Structures are given as structure tokens and as C-alpha cells.
Protein chains: 2
Amino acid sequence: MPRPSQRDRIVDAYVDHVVSEGPETVTLDAVAARAGVSKGGLLYHFGSKEALLEGMLERVRALTDADIATARAGAAAGTETVAHYYLRTSADDPARDSDFFRAMVAVLKVAATEEAAAVTARASMAAWQEVLAEETGDELTADLIAALGDGIYLRAIAGWRSSPLSRDWRTTLARLGVPERSEQCR
Amino acid sequence: MPRPSQRDRIVDAYVDHVVSEGPETVTLDAVAARAGVSKGGLLYHFGSKEALLEGMLERVRALTDADIATARAGAAAGTETVAHYYLRTSADDPARDSDFFRAMVAVLKVAATEEAAAVTARASMAAWQEVLAEETGDELTADLIAALGDGIYLRAIAGWRSSPLSRDWRTTLARLGVPERSEQCR
DNA sequence: GTCTATACGCGGATAGAC
DNA sequence: GTCTATCCGCGTATAGAC
């Protein structure tokens with residue numbers, strides 16, 4: 001993979017700052033410093049704070065698409081179901097460090113105030129729900145699994161580290177009658 | 001019940017503003033205007049923005065205690081289980097207008113930045129989890145139900161209105177083997 | 001108790017040097 | 001491309017009148 005561009009590194013810094021300090025403390029100065037550029041340098045790449053936010057939303061959209069494609073591929077290959085992939089990457093402790101999880105948490109934090117971020121967050125959530133519904137063939141079950149993932153995200157926002165669910169989500173899936181592996185196609 | 005004090009009305013306005021506009025747009029001016037007082041008037045009751053936040057956290061703590069007491073009483077009387085009460089007041093559409101739900105959403109939104117709010121949010125979540133675990137006698141089931149409620153809250157933050165789960169949470173509880181009514185004591 | 005007036009600092013954004 | 005210097009508006013908080 002190509003080395004990250006300057007724009008990418010600035011978005012990284014933005015996400016980092018929102019996740020660790022919260023959206024209300026975000027200043028162009030703080031993000032620039034974290035990215036290792038000056039405020040002027042940042043404003044060359046992103047003409048305004050709003051443009052910077054849009055850069056992060058763009059990234060989350062891309063990561064969502066990529067993540068869903070990965071989940072679909074795994075299900076088609078019979079490696080693991082979409083539901084399994086979804087909870088594994090939401091609930092599992094090691095997954096918390098993934099680019100997608102961190103970026104999504106940042107977007108959700110910002111979504112409390114910025115409608116544009118809320119729109120992107122809902123789109124990502126809706127996309128997952130659609131794939132889950134497709135797999136389970138049942139709207140309610142799909143929504144249930146999605147809601148569990150959403151609960152995990154809320155806990156991340158509130159700084160809640162670990163819970164029985166995050167340690168034992170496989171049992172939960174089993175209780176809901178969701179298999180670990182799908183029947184392999186053809 | 002006694003008519004709300006001036007302090008109460010200011011906290012109301014604060015909650016309202018955070019829920020509808022988001023925490024980043026909160027200014028003393030905006031809250032004062034919403035409460036129908038001047039900025040000077042607000043600062044007489046709450047000496048600083050931080051004190052205003054503390055006022056809201058205080059209220060959430062009180063509402064949490066009251067809500068849990070109500071749930072416990074209902075379970076003891078055999079009216080409805082704690083789990084049933086919890087999901088009814090989180091998932092049910094009409095419940096979204098309750099003082100507790102709105103205040104909790106406000107605290108969670110602020111918790112993205114303010115650690116004090118995050119502490120209060122986690123305490124409230126932990127308190128519910130404890131009652132649920134007490135009732136179900138199973139940590140994982142309790143956490144599962146709690147996580148569903150948390151998912152509902154996240155969707156509220158992201159502006160997600162209605163979902164299969166919010167319309168059909170009773171079915172979900174049944175699938176998890178949680179009864180609607182508890183055996184009445186003695 | 002509640003208001004007005006004001007001090008003061010901070011953050012976003014522009015201009016222009018290098 | 002990236003930096004420094006600067007302007008300007010907004011938000012918190014205080015002083016003090018009524």
C-alpha cells in the first residue's frame with residue numbers, strides 16, 4: 001500500500017484527536033500540531049474546518065464499503081458469516097484499534113452536533129443492516145445484531161472498556177441462532 | 001409535584017439545547033435565552049458553564065435512581081420484569097419523550113468530550129446492568145439486554161428514528177427467554 | 001435576584017513572505 | 001507547498017447598576 005499522503009495524515013490526526021480528546025476541543029491548531037504541520041499548512045490541504053470534517057466522512061464511507069465487501073467475501077467463501085464478522089470487528093477487544101472502528105467512533109462523536117456526520121453515520125449503519133438482513137433473511141434478527149454492535153459503539157463513546165458481551169459475543173450469536181460459518185455457495 | 005424552580009428550568013433548557021442542537025453549540029447565551037432569562041441571570045444560579053453541566057449530571061443521577069426504583073417496584077409487584085421495563089422505556093417510541101431518556105441522551109452527547117459526563121453515563125449504565133443481572137441471574141443475558149438499550153441510545157444520538165427493534169422489542173425479549181412478568185413475591 | 005456593560009482570550013480564516 | 005503574522009468575531013466571565 002502507498003505511503004500515506006499529507007491529507008491522509010491530517011485526517012489521521014483529526015480522528016485521533018476526536019477519539020482521545022473529544023470533538024469540542026478540536027482546533028485547527030491542535031490537529032495541525034498532531035499531524036506535524038502548521039495551521040497554514042493544514043489550511044492549504046483543507047480550506048476550512050468543514051472541509052476537514054468532510055475529509056473524515058469521505059474516509060469513513062470508503063472504509064465502510066471496504067469492510068462490507070470483506071464481510072461479503074468471507075461469507076461467500078464460507079469462512080464466517082456476515083453477522084459473525086460484524087460482531088467480531090465491533091465487540092472483540094483487539095478490533096477496537098482498527099482504522100474503521102476508530103474512525104466510526106470519531107464520526108459518531110461529531111454526529112452529536114454536526115448533521116453531516118450524522119448522515120454519514122446513519123448511512124454506514126443502514127448499509128450494515130441491509131447486508132445483515134440479506135443474510136439472516138429476517139429484519140428483526142438483523143436489527144438485533146446491528147443494535148448490539150451499536151451498543152458497543154455507545155460504550156466506546158462513554159469510555160466503557162470491556163463487558164461480558166465483548167468477551168462472549170460468540171455465545172450470544174449462538175443463542176440467537178446465527179451460525180458461525182455459512183453454507184458455502186455452489 | 002412542586003412547580004419547577006428557576007434552576008430546574010435552566011437545566012431543562014440546557015438539556016433541550018444539547019439534544020436538538022448538539023453540545024458544541026451550547027453557549028450561556030443560547031441556554032439563557034431558551035430558559036427565558038438573561039445571561040447574567042443564568043450566571044447567578046450557575047456560576048460557570050461547568051457548574052451548569054454539573055447541574056445536569058446531578059439530575060441524571062437522580063432520575064436514574066428514581067427510574068431504577070420504579071422498575072424494582074414493578075418487578076416486586078409482578079407487574080413487569082426489570083428487563084421489560086428497561087426496554088420499554090428505552091426502545092418504545094413514546095418513551096423517547098421522557099425526561100430521563102432526553103437527559104441521558106444529552107449526557108451521552110456531552111460525554112464525547114467531557115469526562116465528568118462520561119463518568120455519570122457509565123455509572124448510570126452500570127447501575128442498570130446490576131439490577132438486570134440481579135433479576136436474570138446471568139451476567140451475559142443482563143449485558144445483552146443492556147447493550148440493546150445502549151444501541152437504542154446510540155441511534156438517538158445519530159438521529160435514527162425508528163427501527164424493527166424499537167417496534168418489536170417484546171419479541172426480542174421472548175426470544176432471549178425473558179418473561180414479561182415476574183413471579184410475584186410471597 | 002436579575003439585568004447591562006465590558007474585559008479578555010481563543011479560534012477560524014486571510015494575506016502574503018519564503 | 002508550507003510558514004508567519006494578523007484580523008475579526010464569538011464566548012466566558014466579571015463588575016456593578018437597578
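In what follows, every chain begins at residue 1, and chains take the letters A, B, ... in the order their sequences are listed. What you see is a predicted model; the values in this text were computed from it and never measured.
- Partners of B:R7 according to the salt bridge (charged side-chain N to carboxylate O under 4.0 Å, His left out) rule, which considers only residues two or more places apart in sequence or in another chain, do not exist here.
- The stretch residues 111-122 of chain A participates, sequence neighbours left out, in these side-chain hydrogen bond (donor to acceptor under 3.5 Å, both in side chains) pairs: A:R61-A:T120, A:E115-A:R122.
- Paired with B:R59 under the rule salt bridge (charged side-chain N to carboxylate O under 4.0 Å, His left out), one option of B:D65, B:D99, B:D12 passes, and it is B:D12.
- The pair B:D97-B:R102 fails the salt-bridge criterion, with no side-chain N (NZ, NE, NH1 or NH2) lying under 4.0 Å from an Asp/Glu carboxylate O.
- Among residues at least two apart or in separate chains, side-chain hydrogen bond (donor to acceptor under 3.5 Å, both in side chains) pairs with a member in residues 20-29 of chain B are B:H17-B:T25.
- Contacts between residues 26-44 of chain B and DNA chain C, defined by a heavy-atom separation below 4.0 Å, involve B:V37, B:S38, B:G40, B:G41, B:Y44, listed by number.
- Contact check of residues 12-25 of chain B against DNA chain D (heavy atom, cut-off under 4.0 Å) returns no residues at all.
- In this entry the distance linking CZ of B:F46 with P of D:dG11 reads 20 Å, nearest Å.
- A:E180 pairs by the salt bridge (charged side-chain N to carboxylate O under 4.0 Å, His left out) definition with nothing, not counting sequence neighbours.
- Between chain A and DNA chain C, the heavy-atom contact criterion of under 4.0 Å yields a 5' to 3' nucleotide range of C:dG11 to C:dT14.
- Side-chain atoms of B:T81 and B:R181 form no donor-acceptor pair, as typed in the model, at a separation below 3.5 Å.
- By the neighbour-count criterion of 12 heavy atoms within 6.0 Å, atom CD of B:E54 is densely surrounded, having more than that number from other residues, nucleotides or ligands.
- Residue pairs meeting the side-chain hydrogen bond (donor to acceptor under 3.5 Å, both in side chains) criterion with at least one member in residues 83-92 of chain A, sequence neighbours excluded, are A:D67-A:Y85, A:E80-A:H84, A:E80-A:R88, A:H84-A:R170, A:D92-A:W169.
- Every residue meeting the salt bridge (charged side-chain N to carboxylate O under 4.0 Å, His left out) condition with A:R175, not counting sequence neighbours, appears here in chain and number order: B:D138.
- A search for ring-ring contact (aromatic ring centres under 6.0 Å, His included) contacts involving B:F100 returns nothing, not counting sequence neighbours.
- Residues from residues 47-56 of chain B lying near DNA chain D, meaning a heavy-atom separation below 4.0 Å, are B:S48, B:K49 in numerical order.
- A:K49 meets the salt bridge (charged side-chain N to carboxylate O under 4.0 Å, His left out) test with no other residue; sequence neighbours excluded.
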